[in-house]
Amino acid sequence: DAKTTQPPSMDCAEGRAANLPCNHSTISGNEYVYWYRQIHSQGPQYIIHGLKNNETNEMASLIITEDRKSSTLILPHATLRDTAVYYCIVRVAGGGFQKLVFGTGTRLLVSP
Amino acid sequence: NAGVTQTPKFRILKIGQSMTLQCTQDMNHNYMYWYRQDPGMGLKLIYYSVGAGITDKGEVPNGYNVSRSTTEDFPLRLELAAPSQTSVYFCASSYSRGLAGAKNIQYFGAGTRLSVL
């Protein structure tokens, strides 16, 4: 699996958009970008994933650059409950056994 | 739908004691996983299972054992507990039909916080 690089921490004001960057310059053509988050030591929670097109769901949007070497997770209107550690993970989708390689992620603090 | 359920939530063990961490899922997932998370660190894979009767080692299997007799249950056994096993343990499950491009999203339990003193 390709390695990812994320800033250790970010701040965001409540109601504003939170943009979390991730670098994955060694990503392979068949590897997807996945985002998970972990709220206050709870179990990680899946947010979104994508291959090369931008993706949006009820939780967030994922923007992947054209060369696929970096991506940005966007929380459009951050709330206090979005305070969490966000993990960017690159992995091959589907197939058989899949190991999730968690780094240290980005600690997002949403303030009033 | 309960999802992935782990018990107990907290446990304190003495050095040398043994215990079993329970994990059950009600989503009929074929894959199950055990991770540990040390303070300030990411998760590390201990063991995983691709179906009933099939288990394999992850990155940090030493000091642990698992079994998978049913689709729903995947207990983690600690033999001769050591202080280095103080950690938060997460169980997860996912569904894979073995097709390339499929989501294979992992769903996690709430964790078991274990202290070995």
Side-chain angles (χ1 to χ4, degrees), chain A residues 1-9 22 24 28-53 55-60 62 73 84-107 109, chain B residues 2-6 9-10 23 25 27 29-51 54-61 68 87-114:
Chain A
D1 291 340
K3 293 184 75 172
T4 62
T5 303
Q6 300 177 252
S9 64
C22 179
H24 31 78
S28 300
N30 63 346
E31 289 182 313
Y32 286 62
V33 180
Y34 283 72
W35 283 83
Y36 282 74
R37 73 179 182 184
Q38 188 173 22
I39 297 173
H40 190 53
S41 298
Q42 297 177 17
Q45 175 190 26
Y46 165 81
I47 302 172
I48 198 167
H49 79 290
L51 181 63
K52 54 183 178 181
N53 297 319
E55 302 287 345
T56 295
N57 63 19
E58 64 278 4
M59 291 181 68
L62 175 61
L73 178 74
V85 177
Y86 288 78
Y87 297 99
C88 170
I89 298 166
V90 174
R91 54 183 277 186
V92 176
F97 163 67
Q98 298 278 323
K99 184 177 75 171
L100 288 181
V101 180
F102 286 85
T104 51
T106 296
R107 186 173 298 275
L109 176 62
Chain B
V4 179
T5 302
Q6 293 184 237
K9 288 184 168 42
F10 305 94
C23 175
Q25 53 92 7
M27 298 175 282
H29 285 172
N30 49 352
Y31 283 51
M32 295 189 74
Y33 315 80
W34 274 106
Y35 294 89
R36 61 175 285 173
Q37 184 175 33
D38 297 332
M41 306 296 287
L43 280 69
K44 291 190 183 299
L45 183 66
I46 305 172
Y47 270 96
Y48 67 95
S49 168
V50 301
I54 306 170
T55 64
D56 207 346
K57 296 177 180 178
E59 302 167 87
V60 289
R68 184 99 181 268
S87 191
V88 181
Y89 291 84
F90 291 102
C91 178
S93 71
S94 67
Y95 178 72
S96 173
R97 292 183 293 171
L99 300 177
K103 280 186 180 179
N104 200 355
I105 296 165
Q106 292 189 19
Y107 296 84
F108 287 79
T112 294
R113 284 150 185 77
L114 176 68

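Within every chain, numbering begins at 1; the chains are lettered A, B, ... in the order of the sequence lines, protein sequences first and strands thereafter.
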Name the region of [X], side chain, backbone, both or neither, that has any atom closer than 4.5 Å to a heavy atom of chain A.
X        : result
B:Tyr107 : neither
B:Leu45  : side chain
B:Glu59  : side chain

- Do you know which two heavy atoms are closest between A:Ala60 and A:Leu73, and how far apart they sit? CB-CD1, 3.6 Å
- Heavy-atom pair of closest approach, residues A:Val85 and A:Gly105: CG1-CA, 4.1 Å
- Message: As an exercise: rank B:Tyr48, B:Phe90, B:Tyr35 by heavy-atom pairs under 4.5 Å with chain A and give me the winner.
- Response: B:Tyr48
- Can a donor-acceptor pair be found between the side chains of B:Gln106 and A:Tyr34 at a distance below 3.5 Å? no
- Check for a donor-acceptor pair, side chain of B:Ser93 on one end and backbone N or O of B:His29 on the other, with a separation under 3.5 Å. no
